[in-house]
Amino acid sequence: MNRIALAIGITASFLGASKLPAQAKPLDWAALARESQSILSDYLRVNTTNPPGNEILGARFLKAILDREGIEARILDTTELGPNRANLYARLRGNGGKRAIALVHHLDVVPATPASWSVDPFSGEVKDGYIWGRGAIDMKGNGIAQLMAMIALKRSGVPLARDIVFIGNADEELGSTGAIVFVKQHPDLLRDVEYLVTEGADNVLDDRGKVVYFAVGVSEKRTFWQRLTVNGVPSHGSRPTKQNPVPRLVAALYRISQYETPLHLTPGVDKFFRDISRTYPEPQRSWLANVTAALENPRARDWILSDVSWNAVLRNTISLTGLVGSNKTNVIPGVATADIDVRLLPDQDTTEFLRTLEKIVGDTAVHFTHLGNTKAPLESPIDTDLFRAIERAAHDREPGAFVTTPMETAATDRPTYRKVGITTYGFSPFKIPRPEIQRGMHGNDERLSVENVGYGVRFYYDLL
């Protein structure tokens with residue numbers, strides 16, 4: 001067998017059930033995986049901890065790679081985002097037959113405490129079959145999979161009906177200002193974008209590492225953070241007064257903590273439970289197949305709500321997270337504040353929920369202040385070409401797995417793009433065990449397996 005025939009055979013083997021696109025040049029997937037692994041290690045060495053961000057360093061790193069590949073790339077919004085901050089934009093041109101698809105990741109990462117890590121969190125070290133570093137999972141690993149899939153498409157010469165847009169946003173981890181500024185400043189760059197893929201869903205594996213289901217995030221809860229403030233009169237702690245704001249604030253927080261938000265099943269969550277019901281034995285299988293009925297059954301209800309993730313997608317949630325009074329034990333403060341993390345289901349009204357909170361507290365001395373920006377509701381349709389492409393690519397990899405649509409309880413940049421009419425999906429191209437995600441994402445020793453990098457690049461390539 002000559003070299004060309006051998007290369008085609010190897011490529012076909014790597015692609016599995018998926019077919020080599022017409023007119024495409026064969027790709028050396030093993031070499032591309034090694035290249036992608038090296039680039040991810042280098043990217044993890046770029047410290048974009050937020051705060052302060054320094055995302056311009058990440059943008060420059062990625063732009064240099066895109067420039068070498070002959071893909072137009074621009075660093076944007078440096079003035080609007082402030083010193084050392086930036087968004088990145090690139091576009092691989094198709095023939096314009098269909099509207100574009102955007103691949104989006106965020107350039108920033110959360111802080112890391114080196115003393116709590118087994119390795120330097122910004123070393124990009126490769127050991128024990130993993131690439132270690134802050135952002136490996138959230139979400140520089142995903143960003144490199146997107147980047148290298150786009151580069152692979154260009155190298156292979158695949159005819160593209162859609163432009164492929166690549167975006168790196170600043171400040172996703174704190175205020176989402178990168179995405180907000182990008183959407184506001186560059187409507188011309190998004191006008192032809194039909195679909196957008198970013199983070200917001202995790203695939204589920206069994207104990208043997210086999211995929212049970214691939215998750216595509218189509219909906220997301222809305223952050224509706226509140227600060228409660230009670231004003232009082234400062235004085236010496238040795239002489240108690242009724243003008244102490246702390247007891248009133250504590251009483252308000254207690255009332256909120258005792259409030260049980262009503263259960264509310266959205267269509268997307270109902271579909272998710274029906275989808276996963278097949279993986280459970282009876283009676284849980286029947287409960288999940290008809291959650292509306294199951295929630296009327298005390299035994300079924302207790303079992304369903306005992307899962308903190310399921311509980312969170314079945315209701316609006318309130319977590320009491322911050323409390324500030326005096327900074328000295330012997331001083332009654334002039335003001336006491338508390339922060340609560342409110343997450344609303346996509347179809348809930350913020351004004352109505354605030355009225356509910358005020359009614360529960362029942363004290364006009366307690367003032368509510370909204371913290372941050374409430375994002376637009378997020379519900380994307382699944383009867384689309386992109387969703388079907390994800391299903392096909394997923395089936396090619398794991399014929400026994402299925403695709404389902406969990407709701408994201410945390411926050412992403414997806415609602416910012418959804419509000420301008422783009423269908424947005426949360427997607428992970430990796431096979432990462434749930435404990436690994438729980439431990440590493442925003443935690444210590446964040447890492448991504450070397451094998452997952454090549455797997456993720458090929459997954460994105462095939463679905464695109």
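- Contact check for T229 versus N231: side-chain heavy atoms found under the 4.5 Å cut-off.
- Annotation for R278: atom CZ counts as buried by contact number, over 12 foreign heavy atoms lying within 6.0 Å.
- When each of R91, R99, R191 is tested with D163 by the rule salt bridge (charged side-chain N to carboxylate O under 4.0 Å, His left out), just one qualifies, namely R91.
- Within a 6.0 Å radius of OH in Y254, other residues, nucleotides and ligands contribute 12 heavy atoms or fewer.
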Problem - Stepwise side chain to side chain contact (heavy atoms under 4.5 Å, CB included) test for R301 and I304 - result: CA-CA 5 Å; R301 175 189 173 107; I304 291 170; over 6 Å; no
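- Of the possible donor and acceptor atoms, none in the side chain of D77 sits under 3.5 Å from a partner among the backbone N and O of A86.
- At least one donor-acceptor pair under 3.5 Å links the side chain of S449 to the backbone N or O of N452.
- Between V109 and E173 the shortest heavy-atom distance is C-CG, 4.1 Å.
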Practice task
Apply side chain to side chain donor-acceptor pair (under 3.5 Å) to H106 and D138, showing your working.
Solution key: CA-CA 8 Å; H106 57 85; D138 185 18; 3.1 Å; yes
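- Side-chain contact between D108 and T49 is absent, with no heavy atoms from C-beta onward closer than 4.5 Å.
- The environment of W303 atom CH2 is dense: over 12 non-hydrogen atoms of other residues, nucleotides or ligands sit within 6.0 angstrom.
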Practice task
Would you sort out whether R315 and L305 count as a side chain to side chain contact (heavy atoms under 4.5 Å, CB included), showing the intermediate values?
Solution key: CA-CA 10 Å; R315 59 177 8 130; L305 298 183; 4.1 Å; yes
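- Checking side-chain atoms of S123 against main-chain N and O of V119 turns up no donor-acceptor pair under 3.5 Å.
- Between the side chain of D128 and the main chain of Y130, no donor-acceptor pair closer than 3.5 Å is present.
- S36 places no side-chain N or O within donor-acceptor distance of the main-chain N or O of M148, the cut-off being under 3.5 Å.
- Put simply, the side chain of F273 does not reach to within 4.5 Å of the side chain of N290, judged on heavy atoms.
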Practice task
Start with the C-alpha distance between D171 and R85, add both sets of side-chain angles, then the distance that settles salt bridge (charged side-chain N to carboxylate O under 4.0 Å, His left out), and finish with yes or no.
Solution key: CA-CA 8 Å; D171 192 42; R85 313 204 79 165; 3.7 Å; yes
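- Atom CG of L81 is separated from atom CD1 of I56 by 10.0 Å, given to the nearest 0.5 angstrom.
- Cation-pi geometry between R285 and Y280 is not met: the NZ or CZ atom fails to fall both under 6.0 Å from the ring centre and inside 45° of the normal.
- Looking at R255, its side chain does come within 3.5 Å of a backbone N or O of V361 through a donor-acceptor pair.
- Residues T404 and V216 have side chains not in contact (no heavy-atom distance under 4.5 Å, counting atoms from C-beta outward).
- The minimum heavy-atom distance between V403 and K271, with the atom names listed, is O-NZ, 4.4 Å.
- Here the side chains of T223 and R343 are in contact, with some heavy-atom distance below 4.5 Å.
- Aromatic ring pairs are classed by plane angle as parallel below 30°, tilted from 30° to 60° and perpendicular above 60°; the pair F459 and Y455 is perpendicular.
- Across A59 and L88, no two heavy atoms sit closer than the pair O-CD1, 3.8 Å.
- For the pair R397 and V211, the minimum side-chain heavy-atom distance is 4.5 Å or more.
- Remark: side-chain polar atoms of N54 are not paired, donor with acceptor, to backbone N or O of L57 under 3.5 angstrom.
- Proximity of the aromatic rings of F427 and Y460 is defined here by a centroid distance below 6.0 angstrom, and this criterion is met.
- Panel note: side chain S326, backbone K328; a donor-acceptor pair is recorded below 3.5 Å.
- Looking at E408 and K221, no side-chain N of the basic residue comes within less than 4.0 Å of a carboxylate O on the acidic one, giving no salt bridge.
- Between T177 and E172, the closest side-chain pair of non-hydrogen atoms is not below 4.5 Å.
- In this structure, R227 is not positioned above the aromatic face of F368 in the sense of NZ or CZ being under 6.0 Å from the six-membered ring centre and within 45° of the axis.
- Within 6.0 Å of the NZ atom in K127, the count of heavy atoms belonging to other residues, nucleotides or ligands exceeds 12.
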Problem - side chain to side chain donor-acceptor pair (under 3.5 Å) between Y417 and T198, worked out - result: CA-CA 11 Å; Y417 290 99; T198 185; over 6 Å; no
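- In this structure a side-chain-to-backbone donor-acceptor pair under 3.5 Å is present from E220 to T412.
- When L378, V218, V104 are each tested for a side chain to side chain contact (heavy atoms under 4.5 Å, CB included) with R414, only one passes: L378.
- For V212 against L205, the heavy-atom pair with the smallest separation is CG2-C, 3.9 Å.
- The local environment of CD in E72 is crowded, with over 12 non-hydrogen atoms from other residues, nucleotides or ligands closer than 6.0 Å.
- Heavy atoms only, all atoms of each residue included: A289 and S277 are closest at N-CB, 3.7 Å.
- The pair D363-R248 counts as a salt bridge, with a side-chain nitrogen and a carboxylate oxygen less than 4.0 angstrom apart.
- K431 pairs with exactly one of E451, E398, E436 by the salt bridge (charged side-chain N to carboxylate O under 4.0 Å, His left out) rule, that one being E398.
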Exercise for the section: Go through D413 and S176 one step at a time and tell me if the side chain to side chain donor-acceptor pair (under 3.5 Å) criterion holds. Expected result: CA-CA 6 Å; D413 283 334; S176 288; 2.8 Å; yes
Practice task
Check the pair N169, L107 against side chain to side chain contact (heavy atoms under 4.5 Å, CB included), reporting the backbone distance first and the verdict last.
Solution key: CA-CA 6 Å; N169 281 137; L107 304 164; over 6 Å; no
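- Using a 3.5 Å distance cut-off with no hydrogens or angles, the side chains of T424 and Y195 do not pair a donor with an acceptor.
- For D445 and R447, the salt-bridge test fails: no basic side-chain N is under 4.0 Å from an acidic carboxylate O.
- Put simply, the side chain of H236 gets close to the backbone of S238: a donor and an acceptor are under 3.5 Å apart.
- Below 30°, between 30° and 60°, or above 60°: for H105 and Y43 the angle between ring planes is above 60°, a perpendicular geometry.
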Problem - Derivation of the side chain to side chain contact (heavy atoms under 4.5 Å, CB included) call for M150 and F166 - result: CA-CA 8 Å; M150 184 170 71; F166 179 75; 3.6 Å; yes
Exercise for the section: Evaluate the criterion ring-ring contact (aromatic ring centres under 6.0 Å, His included) for residue pair F224 and H370; output intermediate values, then yes/no. Expected result: CA-CA 7 Å; F224 189 52; H370 181 211; 5.0 Å; yes
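- L228 has its side chain out of reach of T337: every pair of non-hydrogen atoms, C-beta onward, lies at least 4.5 Å apart.
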